[in-house]
Protein chains: 2
Amino acid sequence: MSTKTQTTPQTAHDTAPKSSTGGTVPAVNGMPTVTSDKKTTGDAATSTRAPRRRAALAAQTNWQSVHDEVLRRIHTRQWKPGDLIPKEVELAEQLGCARATVNRALRELATEGFLDRRRKAGTRVASHPVRRAKLDIPVIRLEIEGRGQKYAYGLLYSERRTPPPEICTNLAVTPDSDMLHITSLHLADGKPYMFEERWVSVAATPAIAEADLSKISANEWLVLHAPYTKGDISFSAVLASETEAKILRTHKDAPLFLMERTTWNGDHGITSARLLFAPGYRMHSAI
Amino acid sequence: MSTKTQTTPQTAHDTAPKSSTGGTVPAVNGMPTVTSDKKTTGDAATSTRAPRRRAALAAQTNWQSVHDEVLRRIHTRQWKPGDLIPKEVELAEQLGCARATVNRALRELATEGFLDRRRKAGTRVASHPVRRAKLDIPVIRLEIEGRGQKYAYGLLYSERRTPPPEICTNLAVTPDSDMLHITSLHLADGKPYMFEERWVSVAATPAIAEADLSKISANEWLVLHAPYTKGDISFSAVLASETEAKILRTHKDAPLFLMERTTWNGDHGITSARLLFAPGYRMHSAI
DNA sequence: AACGATAATATGTACGTACATAATAACTCT
DNA sequence: AGAGTTATTATGTACGTACATATTATCGTT
């Protein structure tokens with residue numbers, strides 16, 4: 001598949017061939033980290049657990065520095081995609097810390113997508129680093145206020161009625177179920193920012209019928225009062241319809257960023273929302 | 001701010017007032033988990049560390065079940081947004097496990113956005129659960145193949161030249177730097193799927209000048225050969241230009257989903273790409 | 001050679017202890 | 001009362017040991 005030939009699983013050492021009780025540890029973060037008293041001759045059987053002695057002020061190797069050191073080796077291509085890296089005990093020895101510490105670091109790196117780990121098979125550098133962009137999906141109000149803009153919210157429409165077919169499919173509810181249909185507009189510094197159309201299952205969340213949704217947005221109310229166990233979010237690009245354009249104060253057929261969210265609590269569909277952002281909206285993320 | 005009045009910081013107990021050495025543990029995941037021998041009278045001073053005895057087949061309370069139990073209490077609103085939850089030692093006692101186990105569970109819940117934790121201040125249920133949608137940004141080829149479609153890739157254009165101003169800004173390179181400008185098309189089942197326009201800094205990645213980018217896409221090549229330490233990704237909606245429409249086999253002014261990516265290695269800008277997806281594209285994520 | 005049982009092994013995790021750290025609470029002095 | 005200092009406390013984490021678990025490697029057996 002890949003062009004790299006790698007028949008025998010071979011560890012990608014290059015540092016420290018075998019020096020079991022090595023005195024100095026390879027530089028971690030540029031800092032030498034001289035753990036002089038590594039492995040204080042196993043007198044572990046004493047009643048008061050002999051604590052690993054360390055210099056008074058010397059920063060000990062913590063999981064974060066192990067994390068950074070491993071990442072550095074990946075970034076400098078000392079360890080390349082697909083390579084098998086040393087096992088936890090070896091790394092612990094090399095870096096002068098406990099296996100648990102290495103484990104913590106490698107575990108984080110694995111969830112970040114840099115490493116692939118499998119029992120017995122070992123740990124290798126991810127060959128297809130699936131970059132996990134962590135999208136923070138905050139409450140719109142906080143997103144706007146966080147930029148120092150003034151947030152405003154207006155309830156446009158609210159009606160209790162039975163849902164249209166596509167909502168039934170989305171939330172797995174019956175066509176005759178008791179639902180709330182809400183449309184509202186969120187503004188930043190007085191300008192239309194996002195237009196929201198939402199369906200909420202009253203059966204799943206009876207309290208919403210009494211909520212005053214002209215003061216607090218349905219989303220914020222739900223966040224505070226209706227927990228959910230799973231959800232789904234999708235993003236796409238659409239053209240503004242005539243009415244959508246009017247509400248967002250733009251022109252028909254403007255390109256709009258659409259976010260669709262559906263949330264569930266167990267097997268009960270809670271809410272399904274269609275969030276249309278005004279032209280020019282960009283969703284960002286670090287990666 | 002919030003309508004909830006909560007003056008004195010009060011722990012949200014309701015289970016187990018104080019029964020220090022309680023026999024049964026509150027149901028974890030509905031399973032009773034009767035740890036009969038909790039706290040086996042402190043004979044810890046024995047040389048061979050007295051291991052916590054546990055029933056042969058009974059599943060012990062692991063961090064995952066603690067995680068799920070805490071999440072259940074949040075979802076059932078036993079612990080509401082803003083509430084202070086019991087401290088680690090108390091939870092460990094309640095659930096019959098070590099503090100480290102509780103710590104692991106709560107730590108995960110905090111990174112998932114359900115909890116806010118602060119030293120000394122304690123742990124409380126997040127009042128604005130910033131939902132972190134984890135977007136997996138895979139290599140396009142894998143995304144397409146993962147859906148069982150046939151992937152194809154075509155290099156449209158490749159030239160080595162100096163960058164336009166906006167790229168200089170994006171990547172912080174000088175206007176006279178040596179760069180590669182590439183446009184290519186990715187197809188799924190023979191149909192245009194994504195149109196890519198990319199600038200790569202040859203100075204930062206000299207090896208790319210020799211790469212055969214008609215066989216492997218620039219993105220995949222970079223993933224394998226040019227590590228990066230940080231990156232930025234943004235999403236928006238745009239209208240198709242005349243040429244973009246022609247390439248993606250759609251019509252002018254079609255709404256297109258645009259992904260813009262920039263990556264860095266330390267202080268060196270590596271690449272900046274503009275990925276235009278064919279109409280109808282939806283990016284999904286669980287939440 | 002194919003197959004199945006068994007051993008070996010790297011990661012996964014639980015636990016108790018010890019100590020670090022940050023933030024609050026309590027206290028002292030003026 | 002206000003300011004500065006000290007004690008307290010909940011989380012954060014390092015460590016060693018023990019054991020669980022998932023794979024892979026090995027070794028017989030047919």
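Here is how names work: the chains are called A, B, and so on, in the same order as the sequence lines, proteins then strands, and each is numbered from 1.
- Listed nucleotides dA25(D), dG12(D), dA23(C) differ in distance to Glu88(B); the shortest reach to its side chain belongs to dG12(D).
- The side chain of Lys87(A) approaches dT11(C) more closely than any other nucleotide in the set dT13(C), dT11(C), dC15(C).
- Residue Arg99(B) is in base contact, counting any heavy-atom pair closer than 4.0 Å across all strands shown.
- OP1 or OP2 of dG12(D) lies within a sub-4.0 Å distance of a side-chain N or O belonging to Arg117(B).
- When distances run from any side-chain atom of Ala98(A) to the nucleotides dG16(D), dT11(D), dG12(C), the shortest one goes to dG16(D).
- Residue Thr123(A) has a polar side-chain atom (N or O) positioned under 4.0 Å from OP1 or OP2 of dT11(C).
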Salt bridge (Lys or Arg N to Asp or Glu O under 4.0 Å) for Glu88(A) and Arg117(A)? Distances and angles first, verdict last. CA-CA 11 Å; Glu88(A) 291 187 350; Arg117(A) 319 193 72 201; 2.6 Å; yes

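- Counting only N and O atoms by type, the side chains of Asn62(A) and Ser65(A) include a donor and acceptor under 3.5 Å apart.
- Atom-to-atom, CD of Gln64(B) to P of dT21(D) comes out at 14 Å; the value is rounded to the nearest Å.
- Considering all non-hydrogen atoms of both residues, Tyr151(A) and Ser217(A) come closest at OH-CB, 4.4 Å.
- The CG-P distance, from Asp116(A) to dT23(D), rounds to 13 Å in whole Å.
- A sub-4.0 Å separation between OP1 or OP2 of dT13(D) and a side-chain N or O of Arg104(A) is present.
- Between Val66(A) and Cys97(A), the closest side-chain pair of non-hydrogen atoms falls below 4.5 Å.
- As rounded to whole Å, 15 Å separates atom C1' of dT13(C) from atom CD of Glu108(A).
- Comparing dA23(C), dT11(C), dT11(D) by their nearest atom to the side chain of Lys120(B) picks out dA23(C).
- Side-chain proximity of Arg119(A) to dA14(D), dT11(D), dG12(C): nearest is dG12(C).
- Heavy-atom distances to DNA chain D give each of Ala121(A) and Ala121(B) a nearest nucleotide, and the one nearer the 5′ end belongs to Ala121(B).
- Considering only heavy atoms from C-beta on, Trp79(B) comes within 4.5 Å of Val70(B) through its side chain.
- Rounded to whole Å, the distance from CG on Asn62(A) to C1' on dC15(D) is 13 Å.
- Spacing between atom CZ of Arg118(B) and atom C1' of dT24(C) amounts to 9 Å, rounded to whole angstrom units.
- The phosphate of dT13(D) (OP1 or OP2) has no side-chain N or O of Thr101(A) nearer than 4.0 angstrom.
- One finds no side-chain N or O of Thr61(B) lying less than 4.0 angstrom from the OP1 or OP2 phosphate oxygen of dA14(C).
- Atom C1' of nucleotide dT9(C) and atom CG of Leu84(A) are separated by 13 Å, given to the nearest angstrom.
- Looking at heavy-atom distances under 4.0 Å, Asn103(A) makes contact with a base.
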